[in-house]
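Proteins come first, then strands; the chains are lettered A, B, ... in the order of their sequence lines, and each starts at number 1. We use all heavy atoms of the structure for the numbers below, so side chains are in, but hydrogens, waters and symmetry mates are not.
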Amino acid sequence: MTDNILLADLLLPNITKEPEYYENLYPARNLPEGARVTRIAPSPTGYLHLGTLFAALVNRITATSSGGVFYTRIEDTDKKREIKGGIEDIIDGLNRFSVEIDEGFFSGTNQKGEYGPYKQSERAEIYQTYVKKLIKEGLAYPCFCTAEELEEVRNIQESRKIRTGYHGEWAKHRNITYAEAKELIDQGKPFVIRLKSPGNEQNKIIFEDAVKGKIEMPENDEDFVLLKSDGIPTYHFAHAVDDHLMHTTHVLRGDEWISSVPKHIQLFKILGFKPPKYGHISPIMKLDGGAKRKISKRKDPEAAVHFFAEQGYMSECVIEYLMTIAASDFEDWRRANPDKSYKDFKFNLKKMSVSGALFDPVKLIDVSKNRVCRLSSTQMYSLVTDWAKEFDKEFYEILTRNPDYTKAVFAIDRDVPKPRKDIAKWNEVKEYFSYMFDELYSPDFTLPENISKEAAVAFLNEYKSVYSDTDDKQTWFNKIKEIAPKLQFASETKEYKANPEKYKGHAGDLSTVLRIAITGRRNTPDLCSIMQVLGKDRCIERIENAVRG
RNA sequence: GGCCCGGUGGUCAAGAGGCCUAAGACACCGCCCUUUCACGGCGGUAACACGAGUUCGAAUCUCGUACGGGUCACCA
């Protein structure tokens, strides 16, 4: 036993605190019964992607639904893979998607809360304190194996078809003595600290996963690394120490972690910690060719959450869509509560899908349209200009030149009982309303086959003289109906349908002619409103222009 | 390969042994409404991976097979 204490002091001479110090520093949270403490622990090795956002959302809503706390912790223990700006991108992204952060990093550089620091690189001493304790107890030891040695062992294991890894008799330094360790250290040999796993591969551990249900796995017998040679912990060890000290109740993370659970549970047990409840979330998949596969940061542009911002999806629409994947009962709830925030939804992990859902852009569009159509023209104006300012400068200039005019454009067929559902994202707006802005207007005057050019021109010339921009919708259409008979068109569609051979067409056809003349398109929202917003002068001008063309 | 996990229409899914002749939503198609288009309304196409077993009865329970996914680092 004294050997272990000597070893501990030899390996971690600068660690003088005892675990009790931290246990007292971070007392239990003062939270009501049943409150869940969740977290998202991103590593700044890339930008915020859909999977991370999804996991964050699930953690967030789990905390919210139980009156708990959701915090962020930066897992920057892999200095090699870290990219600059990673933390900022992830935290800012969470903020942009209104995934509210109660504690931890709430911006790229700022953290708050009583359980910090919330960045693992700033917690080295804490981890080392616990490692030192394990060494003293004979539950951890230094390993001096080089990458080459490890590789060699692995090759032997593979060739003999036995389970690979650093375990049992293959764990070379498992029983290293103080004297041996001292000698190697004196030689300047680098080392890692490994767990002296008390596990037996023959034993099973059973745990209840909050989303997948009961899972049975072999106990861990691998002497995995706790502290890397740079003194920084591996994920596994940091997870155990941090989630214990930060009093996480529910660890909800991607299901790629599921195979590590035996390691984690073992660690909690050895350290004398109460393990959290685990819930493993299935990844969001994507269809590639004919095959389903996990959505990938590298291959799929939509994996980077930034993609949605560029396209002009409202962040709440993306969240709304993600909620439909996260909770099978969300859509029913939404129908019953169209105006509530998703935050009011009572989320239940049991309602999560066990298998990975395919990311469905079509469904996202539908969700978006249903949200966008409920926006007021003023809200539209503010959202679209904000987007354009960042992603389409030219359009931004056009939109903001005359805000009242732009708002009037957005008001067309909006704020009515049956709003249109044409727009899903802001990068569609420019094209959708291009005819409302002279510099974007590029008309196509092609007429439908059933209408002759002569008839169209005759109608337009006639119409020009009667148009008034103060007419209401009914009067406006009546004027078209009045002209119709003069050109052998039926005033009423029914009349025409009853005797198509008697007419060249009907009033509806003439309104199409007018629509084409004014907007250069066959399909648009309400023409009367469009013409009112455009103003009489521009309408007449466009009609004349169309007649010439 | 070892160890885990998964499976209902094209997609998301409801489903806890009889209420399943299998819900709903998205998409698609048709009809109606209608000055275009949308919206809305009505209707339609389309699914329990396969094979054994348990049972009076299986989408549901058990076991196999094939398939899909994850994981086997001093990465998280």
Side-chain angles (χ1 to χ4, degrees), chain A residues 41-46 75-78 80-81 120 143 145-147 150-151 154 158 161-166 190-194 201 209 212-213 215-218 222 224-230 232-236 238-239 253-262 280 282-283 285 287 291-294 321 324-325 327-332 334-335 351 353-367 369 373 413 416-422 448 473 476-477 480-481 484 492-493 506-516 519 521-528:
Chain A
S43 65
T45 52
E75 312 229 312
D76 59 341
T77 54
D78 186 357
K80 277 169 269 170
R81 294 198 310 153
Q120 291 180 334
C143 166
C145 287
T146 62
L150 260 16
E151 176 69 26
R154 164 175 215 82
E158 271 172 5
K161 292 198 194 320
I162 51 182
R163 198 159 48 89
T164 58
Y166 201 93
F191 62 90
V192 299
I193 306 290
R194 286 181 184 272
E201 206 244 348
D209 189 276
K212 307 238 182 202
I215 295 176
E216 192 177 312
M217 276 198 256
E222 182 123 354
F224 61 91
V225 173
L226 266 20
L227 230 47
K228 298 185 254 185
S229 55
D230 58 4
I232 292 178
T234 55
Y235 169 86
H236 304 116
H239 154 54
R253 65 243 295 187
D255 72 359
E256 68 271 18
W257 287 110
I258 219 160
S259 57
S260 304
V261 171
H280 290 92
S282 304
M285 315 285 278
L287 210 52
K292 232 177 160 183
R293 55 149 238 261
K294 188 172 167 179
Y321 170 66
T324 68
I325 296 183
S328 59
D329 50 345
F330 181 74
E331 281 187 275
D332 284 339
R334 172 52 80 209
R335 258 189 292 281
K351 291 286 181 183
S353 173
V354 184
S355 51
L358 220 45
F359 175 76
D360 185 354
V362 177
K363 180 79 176 179
L364 204 214
I365 287 170
D366 177 69
V367 168
K369 284 180 175 175
C373 78
D413 277 356
V416 293
K418 288 181 179 180
R420 303 180 67 88
K421 295 184 181 175
D422 294 324
K473 233 171 134 173
W476 173 86
F477 193 51
I480 295 173
K481 285 184 175 179
E492 303 297 331
T493 312
H506 55 84
D509 293 327
L510 295 176
S511 78
T512 297
V513 170
L514 185 58
R515 187 184 313 277
I516 290 171
T519 67
R521 295 190 188 188
R522 312 249 285 243
N523 308 328
T524 70
D526 180 55
L527 224 208
C528 176

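For A:Lys418, the listed nucleotide lying nearest its side chain is B:C39; candidates were B:C4, B:C37, B:C39. Taking the side chain of A:Phe477 as heavy atoms from C-beta on, and the options B:U35, B:G15, B:C5, the nearest nucleotide is B:U35. Closest to the A:Leu358 side chain, of the nucleotides B:U11, B:U36, B:A13, is B:U11. Taking only side-chain atoms of A:Met285, from C-beta outward, the nucleotide of B:A13, B:G40, B:G69 with the closest atom is B:G69. The side chain of A:Lys351 has B:G15 as its nearest neighbour among B:C12, B:C3, B:G15.
For A:Asp230, the side-chain hydrogen bond (donor to acceptor under 3.5 Å, both in side chains) test picks out no residue, with sequence neighbours left out. A search for side-chain hydrogen bond (donor to acceptor under 3.5 Å, both in side chains) contacts involving A:Thr512 returns nothing, not counting sequence neighbours. In this structure, the ring pair (Phe, Tyr, Trp, His ring centres under 6.0 Å) partners of A:His236, at least two apart in sequence or on a different chain, are A:Phe224, A:His264. Listed by chain and residue number, nothing satisfies the side-chain hydrogen bond (donor to acceptor under 3.5 Å, both in side chains) test with A:Lys228 (two or more places apart in sequence, or in another chain).
Across the strands present, B:G43 finds its partner in B:C29; the criterion is a Watson-Crick or G-U wobble pair with both atom distances under 3.5 angstrom. Summarising the base pairing, B:A58 is matched to no nucleotide, lacking a Watson-Crick or G-U wobble pair whose two defining distances lie under 3.5 Å. B:A16 is unpaired under the criterion used here, namely a Watson-Crick or G-U wobble arrangement in which both key atom distances are under 3.5 Å. Within the shown strands, nothing qualifies as a pairing partner of B:C74 under the Watson-Crick or G-U definition with both distances less than 3.5 Å. Nucleotide B:C50: paired with B:G64 (Watson-Crick or G-U wobble, both distances less than 3.5 Å).
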Sugar-phosphate means primed atoms, P, OP1 and OP2; the rest is base. With that split, encode nucleotides 26-31 of chain B 5' to 3' as B, S or - using protein heavy atoms under 4.0 Å.
SS----
Going 5' to 3' through nucleotides 70-76 of chain B, assign each nucleotide B (protein heavy atom under 4.0 Å from a base atom), S (under 4.0 Å only from sugar-phosphate atoms) or - (no protein heavy atom that close).
SS-SBBB
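Of the possible donor and acceptor atoms, none in the side chain of A:Asp526 sits under 3.5 Å from a partner among the backbone N and O of A:Asp413. Between the side chain of A:Thr45 and the main chain of A:Arg81, no donor-acceptor pair closer than 3.5 Å is present.
When the C1' atom is used for both B:C39 and B:A76, the distance is 48 Å, rounded to whole Å. Distance noted for atom C1' between B:G51 and B:A13: 27 Å (whole Å). Nucleotides B:C19 and B:G43 have their C1' atoms positioned 25 Å apart, rounded to a whole Å. With P as the reference atom, B:U65 and B:U71 are 24 Å apart, rounded to whole Å. For the C1' atoms, the distance from B:C20 to B:C28 is 25 Å, rounded to whole Å. Comparing B:C63 with B:C5, their P atoms are spaced 11 Å from each other, to the whole Å. On the P atoms, B:G10 is 14 Å away from B:U45, given to the nearest whole Å. Nucleotides B:A59 and B:G1, compared at atom C1', are 33 Å apart to the nearest Å.
Under the 4.0 Å criterion applied to side-chain N and carboxylate O atoms, A:Lys369 and A:Asp366 are not assigned as salt-bridge partners.
As judged by a 4.0 angstrom heavy-atom cut-off over every strand, A:Ser282 is placed among residues making no nucleic acid contact. A:Glu216 comes within 4.0 angstrom of sugar-phosphate atoms only, judged by non-hydrogen atoms across all strands, and of no base.
Looking at heavy atoms from C-beta onward, A:Pro448 lies in side-chain contact with A:Ile516 at the 4.5 angstrom threshold. Under the 4.5 Å side-chain criterion, counting only non-hydrogen atoms from C-beta, A:Pro233 is not in contact with A:His239. Within the 4.5 Å cutoff, the side chain of A:Phe477 has heavy atoms near those of the A:Ser511 side chain.
Where A:Ala357 and A:Glu201 meet RNA chain B, the nucleotide closest to each residue was compared, and A:Glu201 sits on the side nearer the 5' end. Nearest-nucleotide positions on RNA chain B for A:Ser355 and A:His506 put A:Ser355 closer to the 5' end.
Distance A:Asp332 CG to B:A23 P: 15 Å, rounded to the nearest Å. Rounded to whole Å, atom C1' of B:C3 lies 15 Å from atom NE2 of A:His280. For the pair A:Asp413 CG and B:U34 P, the interatomic distance rounds to 17 Å; values are reported in whole Å. For the pair A:Leu527 CG and B:U34 P, the interatomic distance rounds to 19 Å; values are reported in whole Å. Atom NZ in A:Lys369 sits roughly 18 Å away from atom P in B:A25 (whole-Å rounding). B:U36 atom P lies 12 Å from atom CZ of A:Arg420, rounded to whole Å. Remark: P of B:C12 and CD1 of A:Ile325 are 9 Å apart, rounded to the nearest angstrom. Between the P atom of B:A14 and the CZ atom of A:Arg335 lies a distance of 14 Å, rounded to the nearest Å.
For A:Ser511 and B:U36, the shortest distance from a side-chain N or O to OP1 or OP2 is not below 4.0 Å. The side chain of A:Ser353 contributes an N or O atom lying less than 4.0 Å from OP1 or OP2 of B:A13.
Going from atom SG of A:Cys145 over to atom OH of A:Tyr166 covers 4.0 Å, rounded to the nearest 0.5 Å.
Classification of the A:Phe359-A:Tyr321 ring pair by plane angle, with boundaries at 30° and 60°, yields perpendicular.
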